[in-house]
Amino acid sequence: MQDEDDSSGRSAPRRRPGELAAHVLNTLAEAGEPLSPGELLELLEPAGSLSYSAVVTTLTRLYEKKAVTRTRVGRAYRYTAVTDPSALVAWRMSRLLDAEADHTSVLTRFVSGLDKRDEETLRRLLGEG
């Protein structure tokens, strides 16, 4: 998959995985009201560098993950955020962990790869539980 060209012929930088979904969730939460994909697109990329279909695909995936709700208004849907981007990342982490049989090994490697501050945060959170 290649980078998309912008209007100047240069390649647009690729988004990190989950970046568009996080941006969509933040924008929906900030809007404070249900938005159609077209309205969301205007808020996300007023310059027109993002496609309508990319927004619809992202909203559909977020709906399937229960991160947004949708309500039919006429022939279209309007979407509302029910969670924040950090909840979506946590959901992805859980799915990755569920894909492995040896949770102990995965979690051990994960914790050993954390920086000191994140490891302390994790230990404090586990101590509260």
Side-chain angles (χ1 to χ4, degrees):
M1 183 190 248
Q2 295 187 348
D3 294 337
E4 295 177 23
D5 288 342
D6 65 17
S7 59
S8 66
R10 295 178 301 204
S11 290
R14 281 186 176 244
R15 286 186 182 85
R16 293 186 329 253
E19 185 177 356
L20 180 56
H23 194 36
V24 164
L25 282 175
N26 281 331
T27 303
L28 282 173
E30 289 170 5
E33 64 180 341
L35 297 175
S36 69
E39 292 167 335
L40 183 59
L41 177 59
E42 288 179 25
L43 292 172
L44 290 170
E45 294 288 338
S49 61
L50 183 63
S51 72
Y52 180 84
S53 64
V55 172
V56 171
T57 299
T58 301
L59 286 167
T60 302
R61 289 178 180 162
L62 289 170
Y63 176 75
E64 290 167 354
K65 296 173 186 175
K66 299 185 183 352
V68 299
T69 59
R70 67 183 183 192
T71 305
R72 186 176 287 279
V73 178
R75 292 177 31 196
Y77 286 111
R78 298 185 73 76
Y79 293 84
T80 305
V82 294
T83 190
D84 61 21
S86 62
L88 191 58
V89 171
W91 178 82
R92 276 193 244 123
M93 291 169 66
S94 292
R95 283 196 50 214
L96 289 170
L97 182 60
D98 288 345
E100 294 298 323
D102 185 2
H103 289 198
T104 302
S105 178
V106 172
L107 290 169
T108 300
R109 289 179 183 269
F110 176 74
V111 171
S112 69
L114 294 174
D115 64 30
K116 190 71 172 166
R117 185 173 157 216
D118 287 340
E119 184 178 344
E120 289 170 2
T121 300
L122 181 59
R123 290 185 188 284
R124 187 181 75 253
L125 291 170
L126 290 172
E128 292 172 2

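Here the structure is a predicted model, which is why all the values come from computation and not from measurement.
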- Message: Test side chain to side chain contact (heavy atoms under 4.5 Å, CB included) on Thr60 and Val56; report intermediate values, then the result.
- Response: CA-CA 6 Å; Thr60 302; Val56 171; 4.1 Å; yes
- Message: Going by side-chain contact (heavy atoms from CB on, under 4.5 Å), name the residues that satisfy it together with Ala76, two or more places apart in sequence or in a different chain.
- Response: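 With neighbours one apart ignored, the set is empty.
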- Kindly indicate whether the side chain of Leu59, heavy atoms from C-beta on, has any atom under 4.5 Å from the side chain of Tyr63.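 Counting from C-beta outward, Leu59 and Tyr63 never come under 4.5 Å.
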- Pairwise side-chain contact, Tyr52 with Pro37, heavy-atom cut-off 4.5 Å (strictly under):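 Yes, at least one pair of side-chain atoms sits under 4.5 Å.
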- Message: Run Tyr79 and Leu35 through side chain to side chain contact (heavy atoms under 4.5 Å, CB included) and show every step you take.
- Response: CA-CA 5 Å; Tyr79 293 84; Leu35 297 175; 5.9 Å; no
For residues 94-106, which side-chain N or O atoms pair as donor and acceptor with protein atoms under 3.5 Å away, sequence neighbours left out?
unit_1 : atom_1 : unit_2 : atom_2 : d
Ser94  : OG     : Ala90  : O      : 3.2
Asp102 : OD1    : Thr104 : N      : 3.4
Asp102 : OD1    : Ser105 : N      : 3.2
His103 : NE2    : Leu97  : O      : 3.2
His103 : NE2    : Glu100 : O      : 3.1

- Task: Considering non-hydrogen atoms only, spot the tightest contact between Ala29 and Ala81 and give its length.
- Result: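 The pair with the smallest heavy-atom distance is N-CB, 4.0 Å.
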- List the atom of Ala54, the atom of Thr58, and the distance in Å for their closest heavy-atom pair.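 Answer, listing the atom of Ala54 first, then Thr58: O-OG1, 2.8 Å.
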- Item | Partners passing salt bridge (Lys or Arg N to Asp or Glu O under 4.0 Å) against Glu120 (at least two apart in sequence or in another chain) | none
- Query: Could you go step by step and tell me if Leu50 and Leu41 meet the side chain to side chain contact (heavy atoms under 4.5 Å, CB included) rule?
  - Reply: CA-CA 7 Å; Leu50 183 63; Leu41 177 59; 3.9 Å; yes
Look up atom [atom1] in [X] and atom [atom2] in [Y], then write down how far apart they are to the nearest 0.5 Å.
| X | Y | atom1 | atom2 | answer |
| --- | --- | --- | --- | --- |
| Leu62 | Thr83 | CG | OG1 | 10.0 Å |
| Glu64 | Arg61 | CD | CZ | 8.0 Å |
| Arg109 | Leu107 | CZ | CG | 12.0 Å |

- Query: Applying the 4.5 Å side-chain criterion to the ILVMFWY set and letting contacts propagate, would Met93 and Leu126 be lumped into a single cluster?
  - Reply: yes
- Sequence neighbours excluded, every pair satisfying side-chain hydrogen bond (donor to acceptor under 3.5 Å, both in side chains) that has a member inside residues 65-74: Arg72-Tyr77
- Task: Could you tell me whether Arg78 and Glu33 make a salt bridge, using a distance below 4.0 angstrom between a side-chain N and a carboxylate O?
- Result: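 Result for this pair is no, no salt bridge flagged.
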Throw together a table of side-chain donor-acceptor distances under 3.5 angstrom for residues 20-28, partners on residues two or more places apart or in other chains.
unit_1 : atom_1 : unit_2 : atom_2 : d
Asn26  : ND2    : Ala22  : O      : 3.4
Thr27  : OG1    : His23  : O      : 2.8

- Between the main-chain N or O of Ser36 and the side-chain N or O of Glu39, is there a donor-acceptor pair closer than 3.5 Å?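 Such a contact is found between Glu39 side chain and Ser36 backbone.
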- With sequence neighbours left out, what residues match Ser53 under side-chain hydrogen bond (donor to acceptor under 3.5 Å, both in side chains)?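 Residues passing side-chain hydrogen bond (donor to acceptor under 3.5 Å, both in side chains) with Ser53: Ser51.
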